[in-house]
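Heads up: the structure comes next, in structure tokens.
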2 protein chains.
Amino acid sequence: MPRSTAAADVFNAVAEPRRRDILVYLASQERAVGDIVAALELAQPSVSKHLKVLRDVGLVHVRRDGRQMFYRTNVEAIRPIQEWAGIFERFWGHQLSRVKERAERPSSGKGGNA
Amino acid sequence: MPRSTAAADVFNAVAEPRRRDILVYLASQERAVGDIVAALELAQPSVSKHLKVLRDVGLVHVRRDGRQMFYRTNVEAIRPIQEWAGIFERFWGHQLSRVKERAERPSSGKGGNA
DNA sequence: GGATCATATTCCAATAACGGAATATGTCAA
DNA sequence: TTGACATATTCCGTTATTGGAATATGATCC
């Protein structure tokens, strides 16, 4: 029984490197499928399939214009991932007994941790 | 050819719901395998297998004490996920033409976005 | 050593994800 | 309508992943 009945959730969809690439590519601007194929150097059917997965999970929006389909990343849908990873943020400093990691923290914010 | 040769990377390892649960459970405190089994109500072999995946990817640390193995989440290893998701943070507000999403933002922190 | 506890590994069956090739669907132009 | 273009879907083979049961490994205690 592979993964939880497959890419039914965002985490699963994002487990694929190519899909992550696509999401990044589509984040700043909407693009036609052909552009994705060209930019990421993937086979067209492959891109369509990845896009379907991303669509099913709500990670991208689509718009049709003539015979082209314009995709765009739905950045809101990525929040669950951000938030999940954020759970561990408060432990950032607790673990490395070295205090030096303090320096590499960008701006942290979020207060809280001991 | 499923996923990129498997849980060779963090994103893949985290695609499994149970593994995410385990990581959260082990974030604040190290725990013996038996505790994980009891707390998450999973079969022992299953837990051992998930732990192996997490170990291989560096998402957990292990320590042996007698016949028990104490696992603990390596929170540092989760940063790549945080950072990847962070790529989209700057687009947070750009997308929803409705301004109302402004209201549902909890406290965000992390400064930055427009 | 032998028994027992704690965890890891192996074997198995079921499932599905992925890539590639071929083909289908849909849209526009003439 | 026919033809070309853009994208989607289907089919196929390969490979992993997962859970479950059984078993193996390692450590402690007697």
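In the text below, chain A, chain B and the rest are named by the order of the sequence lines, each starting its count at 1.
Spacing between atom CG of A:L40 and atom P of C:dG19 amounts to 12 Å, rounded to whole angstrom units. Protein atom CD of A:E16 is 13 Å distant from nucleotide atom P of D:dA16, rounded to whole Å. In this structure, CG of B:D21 is placed 14 Å from P of D:dT18, rounded to the nearest angstrom. The nearest whole Å value for the distance from the CZ atom in B:F11 to the P atom in C:dC18 is 16 Å. Atom CG in A:L42 sits about 18 Å away from atom P in D:dA6, given to the nearest Å. Rounded to whole Å, the distance from CD1 on A:I22 to C1' on C:dG19 is 14 Å. If you measure from atom CD of B:Q68 to atom P of D:dA27, you get 13 Å, rounded to the nearest angstrom. One atom, CZ of B:R63, and another, P of C:dT7, lie 12 Å apart when rounded to the nearest Å.
Nearest heavy-atom pair across B:V10 and B:A77 is CG1-O, 3.8 Å. Contact record, B:R19 with B:N12: NH2-O, 3.8 Å, taken as the closest heavy-atom pair. Of all the heavy atoms in B:P80 and B:F11, the pair that sits closest is O-CZ, 4.1 Å. Of all the heavy atoms in B:A32 and B:Q68, the pair that sits closest is CB-NE2, 3.8 Å. Pairing each heavy atom of B:I81 with each of A:W84, the nearest pair is CD1-CZ3, 4.4 Å. Between B:A13 and B:V57, the shortest heavy-atom distance links the atoms CB-CG2, 4.2 Å.
Remark: the backbone N or O of A:V60 is not paired with any side-chain donor or acceptor of A:T73 at under 3.5 angstrom.
Here A:R18 does not reach the OP1 or OP2 of C:dC18: none of its side-chain N or O atoms lies under 4.0 Å away. Residue B:R19 places at least one side-chain N or O closer than 4.0 Å to OP1 or OP2 of D:dT18. Residue A:H50 places at least one side-chain N or O closer than 4.0 Å to OP1 or OP2 of C:dG19.
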If you restrict it to nitrogen or oxygen atoms, what contacts under 3.5 Å exist between nucleotides 8-12 of chain C and the protein, and what is each distance?
from: C:dA8; atom 1: OP1; to: B:Y71; atom 2: OH; distance (Å): 2.5
from: C:dA8; atom 1: OP2; to: B:S48; atom 2: OG; distance (Å): 2.6
from: C:dA8; atom 1: N7; to: B:Q44; atom 2: NE2; distance (Å): 2.7
from: C:dA8; atom 1: N6; to: B:Q44; atom 2: OE1; distance (Å): 3.3

Below 3.5 Å is the cut-off: list the nitrogen or oxygen pairs between protein and nucleotides 25-30 of chain C, distance only.
none

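Each side chain to side chain donor-acceptor pair (under 3.5 Å) pair with one or both residues in residues 28-45 of chain B, not counting sequence neighbours, appears once here: B:E30-B:R63, B:Q44-B:S48.
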### Worked check of side chain to side chain contact (heavy atoms under 4.5 Å, CB included) between B:L40 and B:R18
CA-CA 8 Å; B:L40 305 189; B:R18 271 67 179 280; over 6 Å; no
